[in-house]
Amino acid sequence: MPEHFSVALTSTLHDALKAFLLRTDGQEDLLFALYVPSVGHERFTALVTDLIYPEEGEREVHGNVSFTGAYLERVYRLAMAKGRGVVMLHSHLGPGWQDASEDDIRADQRVASSAVPATGWPLISMTLGTDGTWSARVWQNEAGDVKGRWATHVRGVGPQLNVSYAEHLRPAPPATRRHKRTVAVWGPEQQAAMTRLTVGVVGLGSVGSQVCEQLARSGFTRLVLIDHDRVEEHNLDRLIGAYPEHLGELKVDVAARNAIRSSTAAQIDVRRVPVKVTSPGGYRAALDCDVLFSCVDRPQPRRLLNHMAYAHLIPVIDGGIRVRHRQEEFIGVNWQVQTTGPTRPCLACVGGFEAGEADMDAKGLLDDPTYVSGLPGGAALQASENVFTFSSAVASMEMLQLVALVTGFQNFGVQRFDFNSGITEAYLDERQQLNCQCHDHLIATADTVTDWHAHDLALEAHWRT
């Protein structure tokens with residue numbers, strides 16, 4: 001079992017739970033739900049799914065709240081039928097992250113003693129404060145005994161990314177004079193909300209290296225860098241922190257060293273993952289993140305990141321550049337930036353990748369120039385031209401998408417820039433309802449397999465298809 005625990009739910013579920021649990025008569029209330037486990041290298045995240053409302057006579061509200069054995073048995077039957085874990089949710093009469101009372105602990109232990117062996121998964125106990133803040137505890141078997149511990153944070157994913165933290169486990173980073181001007185823009189509360197996130201950057205090339213630099217200078221404290229590639233001579237005109245003496249070094253090493261040097265935080269934790277995100281190791285590392293930057297130029301990893309955005313409730317901020325030529329003459333460039341995840345259009349819908357290209361990429365066919373040149377639009381599939389100026393613009397727009405996502409100041413939607421007109425246009429919702437299956441079938445499904453070897457095989461089968 002990984003070392004850290006967190007909980008995630010969609011904004012739609014959050015709103016439904018608020019409507020039920022925060023009563024107008026000022027009393028506490030309770031209901032159960034199920035969850036799907038999302039397991040990375042270092043973090044176990046419970047993705048809350050089915051809400052199981054109490055039927056008549058199954059719970060009693062009397063200032064506090066109690067429930068019957070019949071309610072719990074019904075929850076267990078549904079959990080075991082679906083192979084999911086159990087979540088117990090109740091409200092408290094106070095704002096913020098809630099401590100556990102002695103009554104709470106006794107109730108958690110009582111339910112956990114039967115829920116954990118019945119389902120094979122930890123019990124998640126969540127408490128909702130009057131201001132809509134969640135707290136969570138995790139109960140699991142340890143050496144034959146059921147023991148509880150706090151989740152580090154709970155994230156709500158939708159038009160915004162709302163995260164509540166256990167201050168004793170993940171305190172707000174201390175202020176430093178190095179990011180004084182940054183904090184002055186949006187205030188210490190928003191700065192703390194952003195900089196405590198675990199942010200993954202997938203692809204540390206021309207865009208990703210600049211995103212990493214901006215995160216470090218903005219005071220972010222937890223970075224996960226995923227890229228298998230090494231620095232080559234043709235990277236030196238657009239790779240932040242790379243110089244001739246770094247030829248042959250891993251891009252994650254160059255980016256990590258640069259982030260540590262540029263960081264304005266009192267302390268920064270930079271994790272280097274020198275493998276493809278489409279490998280089991282890269283995939284699990286990405287699942288440890290609260291938000292992911294997609295800085296890749298291949299359709300297969302984009303498809304996998306799109307899967308994570310919905311199935312694992314990890315928002316993905318994606319950007320792409322298309323340079324246009326006519327008979328080797330530069331005639332223009334376009335770039336596009338968007339955030340994808342629940343309530344937002346998926347990357348396939350907005351043209352971030354095509355399923356056919358992703359399939360060819362998975363089979364290695366996009367690395368065969370002869371094969372690609374024979375395809376309609378094959379030249380476009382090979383295009384990888386880029387310059388530092390274009391990359392800088394895309395990296396800045398991706399960072400603005402992150403700020404908007406966390407602060408809730410604005411939802412930019414899909415942003416498209418046309419070099420010839422100099423105009424950036426924003427499209428709030430381009431979801432293709434008839435073709436997109438992400439919202440109907442992917443949300444909070446994760447990759448639920450109890451055996452890690454089977455989990456690896458399932459993922460490899462998924463990537464092959």
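Hydrogens, waters and symmetry mates play no part in the numbers below; they use all other heavy atoms, side chains included.
Between the side chains of Ser125 and Arg137, a donor-acceptor pair is found at a separation under 3.5 Å. Checked by atom type, the side-chain pair Gln415/Thr424 shows no donor-acceptor distance below 3.5 Å. Looking only at atom types and distance, the side chain of Thr45 has a donor-acceptor partner in the side chain of Ser6 under 3.5 Å away. Remark: the Asn306 side chain and the Arg303 side chain contain no N/O donor-acceptor pair separated by less than 3.5 Å. If you check the side chains of Arg84 and Thr49, you find a donor sitting under 3.5 Å from an acceptor. Residues Ser262 and Glu213 bring a donor and an acceptor atom of their side chains to less than 3.5 Å of each other. For the residue pair Thr445/Tyr310, the side-chain donor-acceptor check at 3.5 Å is not satisfied. A donor-acceptor contact closer than 3.5 angstrom is absent between the side chains of Thr152 and His4. Between Asn235 and Arg230, the side chains place no donor N or O within less than 3.5 Å of an acceptor N or O (distance only, hydrogens not considered). With no hydrogens or angles considered, a side-chain donor-acceptor pair links Tyr283 and His312 at under 3.5 Å. At a cut-off of 3.5 Å, with distance as the only test, no side-chain donor of His153 or Trp134 sits close to an acceptor on the other residue.
For the atom pair CD1 (Ile226) and CG (Leu292), the distance works out to 6.5 Å, reported to the nearest 0.5 Å. Once rounded to the nearest 0.5 Å, the distance linking CG of Asn411 with CD of Gln401 reads 7.5 Å. Here the straight-line distance linking atom CG of Leu204 with atom CD of Gln210 works out to 11.5 Å at 0.5 Å rounding. To the nearest 0.5 Å, the span separating CD1 on Ile240 from OG on Ser206 amounts to 10.0 Å.
The shortest side-chain heavy-atom distance between Leu225 and Cys212 falls under the 4.5 Å cut-off. For the pair Leu17 and Leu51, the minimum side-chain heavy-atom distance is below 4.5 Å. Side-chain contact check for Val350 versus Gln336: some heavy-atom pair is nearer than 4.5 Å. Here the side chains of Leu215 and Leu223 are in contact, with some heavy-atom distance below 4.5 Å. A 4.5 Å side-chain heavy-atom check between Val154 and Met126 finds at least one atom pair inside the cut-off. Looking at Val48 and Val7, their side chains come closer than 4.5 Å, going by heavy atoms from C-beta outward. In this structure the side chain of Met194 reaches within 4.5 angstrom of the side chain of Trp186, judged on heavy atoms. Counting heavy atoms from C-beta outward, Ser135 and Ser164 have side chains that stay 4.5 Å or more apart.
We find that Arg43 and Asp290 are joined by a salt bridge, their nearest charged nitrogen and carboxylate oxygen being less than 4.0 Å apart. Look at Arg196 and Glu167 and you find a salt bridge, because one of the NZ, NE, NH1 or NH2 atoms lies within 4.0 Å of a carboxylate O, short of that distance. In summary, Asp229 and Lys251 engage in a salt bridge, as defined by a charged side-chain N under 4.0 Å from a carboxylate O.
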Problem set entry | Worked check of salt bridge (charged side-chain N to carboxylate O under 4.0 Å, His left out) between Arg271 and Asp288 | CA-CA 11 Å; Arg271 181 172 159 199; Asp288 290 334; 2.7 Å; yes
| task | Please report the C-alpha distance between Phe390 and Trp335 in whole Å, then the side-chain angles of each, then the deciding distance to 0.1 Å, and finally whether the ring pair (Phe, Tyr, Trp, His ring centres under 6.0 Å) criterion is met. | result | CA-CA 8 Å; Phe390 302 159; Trp335 52 77; 5.7 Å; yes
Could you walk me through whether Lys82 and Asp50 pass the salt bridge (charged side-chain N to carboxylate O under 4.0 Å, His left out) test, one step at a time?
-> CA-CA 10 Å; Lys82 294 190 173 187; Asp50 317 59; 2.4 Å; yes
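Relative orientation of the Phe5 and Phe44 rings is tilted, given thresholds of 30° and 60° on the angle between their planes. Aromatic ring pairs are classed by plane angle as parallel below 30°, tilted from 30° to 60° and perpendicular above 60°; the pair Trp150 and Trp97 is tilted.
Of all the heavy atoms in Glu398 and Asp318, the pair that sits closest is OE2-C, 3.7 Å.
The environment of Glu189 atom CD is sparse: at most 12 non-hydrogen atoms of other residues, nucleotides or ligands sit within 6.0 angstrom.
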